[in-house]
Amino acid sequence: MRKRAEWMTRADDEILEYLESRGAGTPKAIAGEIDRNNDYVGVRCRQLASYGLVDRPSRGFYVITDQGTAYLEGELDASRLEGEG
């Protein structure tokens, strides 16, 4: 069972699942697939990156991290993560 943090939304799980299955994506591509607003997905991706669940190897492009995968597999308690800033 996944251990979600208070700051997380349902969309965060959908974003992480998308990145796990596709390997990488832009907020626009993710938004189209999970039926969410592009700007909202961008905000959520930046939030996930600040907690180390996704990485941004280049501008506007995201990949899931090992921590993100561990969260999806129920091996990481996201409430224990500390965000940047």
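In what follows, residues are counted from 1 in the order of the sequence shown. For clarity, every value in this text was computed on a predicted model and none was experimentally measured.
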Side chains of [X] and [Y], heavy atoms from C-beta outward: is any pair under 4.5 Å?
X: Gln47; Y: Ile15; value: no
X: Tyr18; Y: Val41; value: no
X: Glu75; Y: Arg2; value: no
X: Tyr62; Y: Pro27; value: yes

Out of curiosity, [X] [atom1] to [Y] [atom2], how far, rounded to the nearest 0.5 Å?
X: Met8; Y: Leu16; atom1: CE; atom2: CG; value: 5.5 Å
X: Glu17; Y: Leu19; atom1: CD; atom2: CG; value: 10.5 Å
X: Arg4; Y: Thr9; atom1: CZ; atom2: OG1; value: 7.0 Å

Tell me whether [X] contacts the main-chain N or O of [Y] through its side chain, where contact means a donor paired with an acceptor under 3.5 Å.
X: Ser58; Y: Phe61; value: no
X: Ser50; Y: Gly83; value: no
X: Lys3; Y: Gly74; value: yes
X: Gln67; Y: Leu53; value: no

Transitively linked via ILVMFWY side-chain contacts under 4.5 Å: [X] with [Y]?
X: Leu48; Y: Tyr40; result: no
X: Val43; Y: Ile64; result: no
X: Ile34; Y: Val63; result: no

### Message
By the salt bridge (Lys or Arg N to Asp or Glu O under 4.0 Å) test, which pairs, at least two apart or in different chains, include something from residues 44-70?
### Response
Asp12-Arg44
#### Entry: Heavy-atom closest contact (Asp39 atom, Asn37 atom, distance)
N-OD1, 2.8 Å
### Task
Kindly indicate, with the supporting measurements, whether the criterion side chain to side chain contact (heavy atoms under 4.5 Å, CB included) is fulfilled by Leu76 and Leu81.
CA-CA 9 Å; Leu76 174 75; Leu81 297 173; 4.1 Å; yes
### Query
By side-chain hydrogen bond (donor to acceptor under 3.5 Å, both in side chains), which residues pair with Thr69, not counting sequence neighbours?
none
### Query
Can a donor-acceptor pair be found between the side chains of Tyr71 and Asp13 at a distance below 3.5 Å?
yes
### Query
Would you call Glu33 and Arg22 a salt bridge, using N to O less than 4.0 angstrom?
yes
